[in-house]
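All chains are named by letter (A, B, ...) in the order of the sequence lines, taking the proteins before the strands, and each is independently numbered beginning at 1.
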Amino acid sequence: MFSVRLGYACINVTLGPRARTSRTCRISNATPHRLEDLARANLVGLAEVLRWNMAHKIKVFRISSGIIPLASHPLAQWPWKERLSREISSIGDYAKEHNLRLSMHPGQYTVLNSPKKEVLAASKAELSYHAELLDEMGLSSQHKVILHVGGVYGDRETSLRRFQKNFRMLPRTVRNRLAIENDERSYDVDSVLNLCNSLDMPMVFDYLHYKAYNSSPLRASFLDQVYSTWTARDGRPELHYSTQRRRARKGAHADTIDTRDFMRFLKILPKHDIDVMLEAKAKDAALIRLRNELRSRWSPTDVIIE
DNA sequence: TCTGGTCAAGGTGGT
DNA sequence: ACCACCTTGACCAGA
């Protein structure tokens with residue numbers, strides 16, 4: 001018997017615009033006062049989304065990187081941690097009280113293995129912001145910041161070594177938060193698994209990226225190796241799952257999750273508790289639809305869908 | 001109130 | 001060489 005908890009990323013489409021969590025502004029309009037108003041409104045939105053999630057028994061959620069707008073930008077600095085400490089810690093308290101799993105996923109501009117020192121510096125600042133936000137919430141290192149390896153720059157091996165070197169230079173508090181995810185064209189599951197083993201980091205397995213990159217069928221023994229990168233400090237393994245959008249670029253997310261395909265995926269899984277982050281354009285609505293369909297069409301004896 | 005151009009930012013792949 | 005695309009759309013000026 002094992003448990004699969006479902007989650008979704010960043011946006012709740014049911015609650016509507018009031019519960020947005022990524023209000024932002026342009027650098028040209030950014031003042032400390034304005035940034036603070038936006039961030040505070042975003043945190044109110046996040047609290048509302050988390051309450052909605054609890055009312056719908058959803059315990060896994062990705063916090064938008066835009067929750068503190070422009071947080072790592074050198075021209076938009078203000079003491080957000082002090083100014084919003086009450087709001088941030090109250091969200092953390094709520095998450096701990098209800099045993100929520102929160103994660104974050106910096107965007108494509110965060111490239112830890114870039115050969116350019118300005119890009120590396122900006123990436124370090126962005127990773128620190130992510131880690132500091134979760135730290136301020138008082139959340140353990142089970143609440144992850146999930147990163148891709150980055151660019152290839154014509155030489156995958158050298159670029160992997162540069163990732164290792166730069167990773168080792170990060171503060172411990174940031175390193176303990178990080179997990180690495182396979183992508184759809186540069187670093188496949190094998191290279192990310194090797195990298196994670198060499199750095200003692202957990203690996204996030206992304207199903208759609210795997211399918212886009214690899215032609216071989218997924219095996220439970222491979223997922224066992226992925227799961228073994230997660231220690232007690234990291235919590236249960238987190239996986240990403242999405243359905244390919246029809247007649248679209250390879251790797252494009254569909255609006256919803258294909259239920260039959262997800263059922264096949266469940267049957268492959270090792271008997272181990274996990275969290276699955278669903279990446280679908282319909283967000284919370286896609287999660288609820290999938291969960292309802294699973295419950296009505298399938299009565300497994302060894303999996304609990306939460 | 002709506003819309004099209006633009007926004008902090010990097011790297012890749014298709015033309 | 002240029003452009004669209006992506007994580008996670010959202011802002012804003014001009015109508």
Same cluster for W230(A) and L223(A) if Ile/Leu/Val/Met/Phe/Trp/Tyr side chains link at under 4.5 Å? no
Length of the CG-C1' vector between L35(A) and dA10(C), whole Å: 14 Å
Distance check needed: dT8(C) C1' versus E126(A) CD, whole Å only. 12 Å
Please report the distance, rounded to the nearest Å, between CG in D155(A) and C1' in dG11(B). 16 Å
I'd like to know if S22(A) reaches the base of dT8(C) with its side chain, counting only an N/O donor and acceptor under 3.5 Å. no
Donor-acceptor pair present, R62(A) side chain and dT8(C) base, under 3.5 Å: no
Counting side-chain heavy atoms from C-beta on, which of dT8(C), dA8(B), dG11(B) comes nearest to P115(A)? dG11(B)
Rounded distance in Å between the P positions of dC2(B) and dT7(C): 29 Å
Ignoring hydrogens and angles, state whether a donor on the side chain of D188(A) or S191(A) is under 3.5 Å from an acceptor on the partner side chain. yes
Contact class for S65(A) (heavy atom, under 4.0 Å): base, sugar-phosphate, or nothing? base
Once you round to the nearest 0.5 Å, how far does NE2 of H209(A) lie from NZ of K250(A)? 12.0 Å
Tell me what S114(A) touches on the nucleic acid: a base, only sugar-phosphate, or nothing, going by heavy atoms under 4.0 Å. sugar-phosphate
Using atom P of each nucleotide, how far apart are dT3(B) and dC6(C) to the nearest Å? 22 Å
Ring-face cation contact, Y153(A) with R162(A), 6.0 Å cut, 45° max: yes
Tell me if the aromatic rings of H272(A) and F2(A) count as close, with their centers under 6.0 Å from one another. no
In terms of ring plane angle, is the pair H105(A) and H148(A) parallel, tilted or perpendicular, where the classes change at 30° and 60°? tilted
Options dT8(C), dA8(B), dT12(B), nucleotide nearest the side-chain atoms of S186(A): dT12(B)
Looking at dG9(C), dC6(C), dA8(B), which one has an atom nearest to any side-chain atom of H73(A)? dA8(B)
Rounded distance in Å - CD (Q244(A)) to P (dC6(C)): 11 Å
How far does the P atom of dA1(C) sit from the matching atom of dA8(B), given to the nearest Å? 27 Å
Over 12 foreign heavy atoms within 6.0 Å of CZ, R260(A): no
Pairs under 3.5 Å (Watson-Crick or G-U), crossing ones as [ ], inter-strand ones as |: DNA chain C comes out as ||||||..|||||||
When we call it a touch if two heavy atoms are under 4.0 Å apart, what does K250(A) touch: a base, just sugar-phosphate, or nothing? nothing
Separation of atom CD1 in I67(A) from atom P in dA10(C), rounded to whole Å: 12 Å
Under 6.0 Å from the ring centre and within 45 degrees of the ring axis: does the NZ or CZ of R156(A) meet both conditions for the six-membered ring of Y187(A)? yes
With rounding to the closest Å, how many angstrom separate the P atoms on dC5(C) and dG9(C)? 14 Å
Comparing R23(A) with H105(A), nearest DNA chain C nucleotide closer to 5' gives the residue H105(A)
CD of E181(A) versus P of dT7(C): gap in Å, rounded? 9 Å
Answer with base, sugar-phosphate or nothing: what part of the nucleic acid does G66(A) contact at a heavy-atom distance below 4.0 Å? nothing
Would you measure the distance from the C1' atom in dG13(B) across to the matching atom in dT8(C) and give it in whole Å? 22 Å
Would you indicate, yes or no, if dC12(C) has its OP1 or OP2 atom less than 4.0 angstrom from a side-chain nitrogen or oxygen of N29(A)? yes
Interatomic distance, Q108(A) CD vs dG9(C) P [rounded to whole Å]: 11 Å
Touch check for L75(A), heavy atoms < 4.0 angstrom, all strands: base, sugar-phosphate only, or nothing? nothing
Between Y109(A) and dG10(B), do the rings stack, that is, sit under 5.5 Å apart with planes less than 30° off each other? no
Check the phosphate of dC12(C) against R34(A), side-chain N and O only, distance under 4.0 Å to OP1 or OP2. Yes or no? yes
Does either side chain, that of T231(A) or that of D234(A), offer a donor lying less than 3.5 Å from an acceptor on the other one? yes
Write down the distance between CG (D37(A)) and P (dA10(C)), rounded to a whole number of angstrom. 18 Å
Could you give the distance separating dC3(C) and dT6(B) at their C1' atoms, to the nearest angstrom? 16 Å
Looking at every strand, decide which applies to L70(A) at a 4.0 Å heavy-atom threshold: base, sugar-phosphate, or nothing. base
If you check every side-chain atom of R26(A), which of dT12(B), dG10(B), dT6(B) has the closest atom? dT6(B)
Just to confirm, is there a sub-4.0 Å distance from OP1 or OP2 of dA9(B) to any side-chain nitrogen or oxygen of K116(A)? no
Using the six-membered ring wherever Trp is involved, compare the ring planes of Y241(A) and Y207(A) and label them parallel, tilted or perpendicular (cut-offs 30° and 60°). parallel
